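Notes follow the structure.
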Amino acid sequence: MANVLRHLPELEGMELGYIQGLMKNMDEDQASLFAQVYRARRKDSQMILILTLIGFFGFAGLHRFILGQVGLGILYILTVGLCFIGTIVDLVNYKSLAYEYNVKMAHETLSMISTHFPSSGSSTTE
């Protein structure tokens, strides 16, 4: 059983609990590889907050592009963040936006790791 905080000390809250559940059946090599790939792909919630705040001062929707939501990013640019209402909603929900993106990246990383280590017994899905 891999220690999540040893591999990914920057995690907190719901993300920590979720990743801990994914890593519970991994050995140290698998956990180390997962942590390296996941760390490179995840987005920090503070970065999402800063990019959302930038929407008030010029470039609305930048955070949506970073989260891989290109269609919403274009919509935010064309409508000035849906007349700032969408940007305000995203300011309130910035942690959940980052969490949802990171869960998606964790599943993609887990599937890459399981192809690299086929004997991995990780069968946790949501």
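Keep in mind the model is a prediction, meaning the values are calculated, not measured.
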(request) Decide yes or no on side-chain contact (heavy atoms from CB on, under 4.5 Å) for Leu62 and Tyr76, but give the supporting numbers first. (result) CA-CA 8 Å; Leu62 183 61; Tyr76 273 47; over 6 Å; no

(request) Answer yes if Ile50 and Ile77 sit in the same cluster of Ile, Leu, Val, Met, Phe, Trp and Tyr residues linked by side chain heavy atoms under 4.5 Å apart, and no otherwise. (result) yes

(request) Check each of Val4, Leu8, Asn3, Leu5 against Gln20 using the side-chain contact (heavy atoms from CB on, under 4.5 Å) test, and report the only one that passes. (result) Val4

(message) Do Met105 and Val37 have side chains that approach each other closer than 4.5 Å (heavy atoms only, starting at C-beta)?
(response) no

(request) Determine whether Met47 and Ile66 make a side-chain contact, defined as any pair of heavy atoms from C-beta on separated by less than 4.5 Å. (result) yes

(request) Quick one: pull up CD in Glu15 and NZ in Lys95 and give me the separation to the nearest 0.5 Å. (result) 11.0 Å

(message) Please determine whether side-chain contact (heavy atoms from CB on, under 4.5 Å) holds for the pair Ile88 and Ile85, giving the CA-CA distance in whole Å, both sets of side-chain angles, and the decisive distance to 0.1 Å.
(response) CA-CA 5 Å; Ile88 292 169; Ile85 294 171; 5.6 Å; no

(request) Walk me through it: do Leu67 and Lys104 pass the test side-chain contact (heavy atoms from CB on, under 4.5 Å)? (result) CA-CA 10 Å; Leu67 293 172; Lys104 180 181 171 187; over 6 Å; no

(message) Over 60° means perpendicular and under 30° means parallel, so tell me whether Tyr99 and Tyr18 are parallel, tilted or perpendicular.
(response) perpendicular

(request) Could you identify which residues cluster with Val92, counting Ile, Leu, Val, Met, Phe, Trp and Tyr as linked when any side-chain heavy atoms lie under 4.5 Å apart, either directly or through a chain of such contacts? (result) none

(message) Is there a side-chain contact (heavy atoms from CB on, under 4.5 Å) between Met112 and Arg41? Walk through the geometry before answering.
(response) CA-CA 12 Å; Met112 285 192 308; Arg41 300 183 77 187; 3.5 Å; yes

(message) For residues Met14 and Leu11: do they belong to one hydrophobic cluster (side chain heavy atoms under 4.5 Å, members Ile, Leu, Val, Met, Phe, Trp, Tyr)?
(response) yes

(request) May I ask you to test the Ile19-Phe34 pair for a side-chain heavy-atom distance under 4.5 Å? (result) yes

(request) Grab the two heavy atoms, one from Met26 and one from Leu22, that are nearest each other, plus how far apart they are. (result) CE-O, 3.8 Å

(message) Just verifying a value: how many Å separate Leu51 CG and Thr87 OG1, rounded to the nearest 0.5 Å?
(response) 12.0 Å

(message) Using the rule that Ile, Leu, Val, Met, Phe, Trp and Tyr join whenever any side-chain heavy atoms are under 4.5 Å apart, tell me whether Leu97 and Ile74 fall into a single cluster.
(response) yes

(request) Can you tell me which residue pairs pass the side chain to side chain donor-acceptor pair (under 3.5 Å) test with a partner in residues 43-63, sequence neighbours excluded? (result) His63-Asp90

(request) Flag yes if Val80 and Ile54 sit in one hydrophobic cluster, no otherwise; membership is Ile, Leu, Val, Met, Phe, Trp, Tyr, and two members link when side-chain heavy atoms are under 4.5 Å apart. (result) yes

